[in-house]
There are 2 protein chains.
Amino acid sequence: MSVTIKDVARMANVSVASVSRALNGHSGVTAETQKRIREVAARLRYVPHNAARSLITRRTQTIGALLPDLHGAFFSELIRGIDLAARARGLYLLVSSSHGDATEAAIALRAMQGRVDGLLVMSPHADEAFLDENLPLVLPTVLINSHVRSERHAALDLDDFGGAYAMTEHLLSLGRKRIAFINGPEVNHDVQERCRGYREAMAKAGLADRAVVLPGDFTEESGYHAGKQALAMVPRPDAIFAANDMMAIGCLSALSEAQVRTPADIAVAGFDDIPMARYVSPPLSTVRVRIAELGESALERLVRMIEAPDDAPPEPRTVVGTELVVRASCGGSDTVRRRA
Amino acid sequence: MSVTIKDVARMANVSVASVSRALNGHSGVTAETQKRIREVAARLRYVPHNAARSLITRRTQTIGALLPDLHGAFFSELIRGIDLAARARGLYLLVSSSHGDATEAAIALRAMQGRVDGLLVMSPHADEAFLDENLPLVLPTVLINSHVRSERHAALDLDDFGGAYAMTEHLLSLGRKRIAFINGPEVNHDVQERCRGYREAMAKAGLADRAVVLPGDFTEESGYHAGKQALAMVPRPDAIFAANDMMAIGCLSALSEAQVRTPADIAVAGFDDIPMARYVSPPLSTVRVRIAELGESALERLVRMIEAPDDAPPEPRTVVGTELVVRASCGGSDTVRRRA
DNA sequence: GCGCGGAACGTAAACGTTTTCACAGGAGCT
DNA sequence: AGCTCCTGTGAAAACGTTTACGTTCCGCGC
C-alpha cells in the first residue's frame, strides 16, 4: 500500500531507527547517512503515518475547537485567528461547530479525546457540570468567553464590560445625559457584561437613576421596536446604546422613520463593528471586537498550557481588549481608539 | 496515565478482545457480558484512543479541508456546510486555511496524510501540477470551485456562469439595453465565469456589441471608480452589473454622489448576496450563492468516494446552483428565484 | 457414549512509529 | 597494551487498538 519507514530503511540500507533519527533531526547519525536517508525518503515520497507517531509520542500536533453555531463574521474571524496562530506553531485544527444541544456537544467533546493535544471550548452548553462530566482532567483546555468562573479552568474573555463602559463614557463626554441601553438575550454572558459596563459608567457619572434598559434579542427587528419605545419616552433619551450593531441598525430605521435626526437629536451606538456598520446611514459608532486576536490569544495560551510542566502556576483569567470606533452616528469626529 | 482497553478488560474480567467486540457491537459476546463491559467502560470513563484505532483500521474518521484565506461570510458559510454534513456522518473536520503561497499549501497538504480519510481542496494554488506533486494517488479528493479541469479529480463548482447569465437576462427583461459589467481580479476563476455568463446573455439578446467590461478588483473602492467611469461613458449605460456585491455598493455611492437615480436612471446589481446587500440604499439586487450547500454537497460527494469500491465509475463534474435575488436597485419587484 | 458444530471467549499478531538498550569499533588515556 | 569512553548503528520493545486464529465448552444427533 503506502510507503512506510521500513521501505525507506530497506532502500537506504539502514535500520528503521536510523531513518527515524535522520528524519527527525536527532543526533547519532552521520551527516552523510542523514543525507542519503533524506534523499531516499524524498524519492519515495515518504510521509510518516501520523497515527502511528502519535500513538507512541502521545502528541497529535492537533488542537480541537468546540464552537457554537455562530453567526458569520464572528465565527470566521475567530477560526481565522486560531488557525493562523496554530499553523505558526505547526499545529492542526480540528473543528466541531454548531451542535444543537448539550448531548451533541458532549459527544463531540468526547470523540476529540486521543485526537487532540488541547481544547478550545466556546459553547453555551459548557457549564461547569458539563465540563466536569465530559472533560478528561488531563487535557489542557481554554474556555473562550465563557460564563464559567471556576478556578480549575483557564479562560479568556472579551472585554465586554470595558468596551461598553468606554462607549458610555464617550457618549457622556459628548454631553449626552439621557442614554438608553438596548439589551440582548439575557442568558447571554456577553450581554450581561455589556449592560453592566453601561450601568457602571452611568453610575460613575452620577446618572444611575437615569439609566434605562430596553429589552432586545440581538435582531434588527427588536432594535427597531426598542427605538420606537425610546421615542415614546418622556423625557426622550438623547442617546441610544445598543448591545449589538444589528439592533442599533434597526433603531436607526425607527428614528429616521420618525424624522428624528441622528445624531443631532439622538445619538446612536452599537457593539461589534460588523462590516455593515460603516455603510449604514449615518455610519454607526460602535465598539470593535478584535475577534481574530481573541482566537490567537486563546491558542497561544493553550500552547503554553500544553508545554508547561504540571506544577506550573495557573495563569489568571485573561481579557482581550476592544476598540472604540467613533463614526457619525454619535456626533463625535471619526476615530478609532484602541483599548488594552 | 489515561485508562486503556486493558484496564477495562481487567476490571470486567475479560480479555481485551471481548471489550473491543462489546464496545463496537460485534457479535460473539453474550448480551450479559456486553452489558457488564459497557458498564465498566462507562464507570472508568474509558474512551478509545483514536490514534491506535486508526493505525490498525486505516480509517481516521476525519476529513481535511484545505482552504484559501477567504473573506468572512463565504468562509464561515462554507465551513458550516461542510461541518454540518460531516457531523451527520460522525466525521471530524481538520481545517487548514489561509496559506499565503503554494509552498505553505503544499506543506499543509502533505501533513494531512495519514490524518484524514479524504480531502476537500479549495485553493488558488492548487493547479494540476501542484496536485500531482503533493496529492497521494490513493487519497480521495474533491476540488471545490477549482479551475482544474482534469478528469482525474472529482470537482464541484459554483454556477457562476448560470447566475451571471440569469441576472443579465433579468436586467434585459426589464428593458435595459446598455448593461455594463464590472469585472473582478482576472486570475479568479469565478470572475471569469461570471463575466462569461454576462457576455453570453448579451450575445444571445443580440447585444454583443454593446457589452462593456470595466476593470475592478472586488473592493468597494474599485466599484466606486468603475461607477465614475460608467457615468462618463457616452452613451451612458442604463444598468451596471458588478461581479460582486462590494463593488456594486461602491458603484451605488458613485451614482448617488452624482445625483443619478437608482434604479430610475441606472439599475445596479451585484453577486454574492452578502448580508449587507439588503441594507444599502436602495437594497441591492444580487445573485445569491448557496455556499453552505456547496460545502455539504462537496462533503457528501467525498464520502461517496471514500466508501465506493475502487472500480466505481467516477461521477461527473457537478455544479451547485444560485438564486436570483431581486430587490429595489434594479427596479424589479422583490423576489427570490431559485435556480438549479 | 461419542463425535461434531457452533458459540463465547482468549491469545497473539499486526498496524507504523519512537526510543531504550545493546553492541561494535575507534580514539584517547594511562 | 589494555582500559575506558564516546559515536554510530541495529534490534527490539512499546504505544492501544482490531482481528485472525485457537481453545474451551456446551448441546445436539447418532
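Numbered from 1 within each chain, the chains take letters A, B, ... in sequence-line order.
Formation of a donor-acceptor pair under 3.5 Å by the A:Arg59 side chain with backbone atoms of A:Asp117 is not found in this model. The backbone N or O of A:Glu293 sits less than 3.5 Å from a side-chain atom of A:Ser297, completing a donor-acceptor pair. Counting only distance, with no hydrogens or angles, the side chain of B:Thr4 and the backbone of B:Lys6 share a donor-acceptor pair below 3.5 Å.
One atom, CD1 of B:Ile56, and another, C1' of D:dA20, lie 10 Å apart when rounded to the nearest Å. Atom CG in A:Asp7 sits roughly 9 Å away from atom P in C:dT17 (whole-Å rounding). Atom P of nucleotide C:dA8 and atom NE2 of B:His26 are separated by 15 Å, given to the nearest angstrom. One can place NZ of B:Lys6 at 15 Å from P of C:dG10, the figure rounded to the nearest angstrom.
Sequence order on DNA chain C of the closest nucleotides to B:Asn13 and B:Leu55 puts B:Asn13 first from the 5' end. Comparing A:Ser15 and B:Ile5, the nucleotide of DNA chain D nearest to each residue sits closer to the 5' end for A:Ser15.
Relative to the ring axis of A:Phe75, B:Arg80 does not place its NZ or CZ within 45° and under 6.0 Å from the centre.
With D:dT9, D:dT17, D:dT18 as the candidates, the nucleotide lying closest to the side chain of A:Thr30 is D:dT9. Listed candidates were C:dC9, C:dC21, C:dG16. Nearest to the side chain of B:Arg21 is C:dC9. For B:Thr33, whose side chain is taken as the heavy atoms from C-beta onward, the closest listed nucleotide among C:dT19, D:dT18, C:dC9 is C:dC9. With distances taken from any side-chain atom of A:Ala17 to the nucleotides C:dT11, C:dT17, D:dG10, the minimum falls on D:dG10.
Phosphate contact (OP1/OP2 of D:dG10, side-chain N/O of A:Ser18, threshold under 4.0 Å): present. OP1 or OP2 of C:dG16 lies within a sub-4.0 Å distance of a side-chain N or O belonging to B:Arg58. Distances shorter than 4.0 Å separate some side-chain N or O of B:Arg53 from OP1 or OP2 on D:dT18. Not one side-chain nitrogen or oxygen of B:Ser20 sits closer than 4.0 Å to the OP1 or OP2 atom of D:dT17. Between A:Asn24 and C:dT18 there is a side-chain polar atom (N or O) within less than 4.0 angstrom of OP1 or OP2.
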Verdict with reasoning, A:Glu39 to A:Arg43, per salt bridge (Lys or Arg N to Asp or Glu O under 4.0 Å): CA-CA 6 Å; A:Glu39 281 169 1; A:Arg43 186 153 48 83; over 6 Å; no
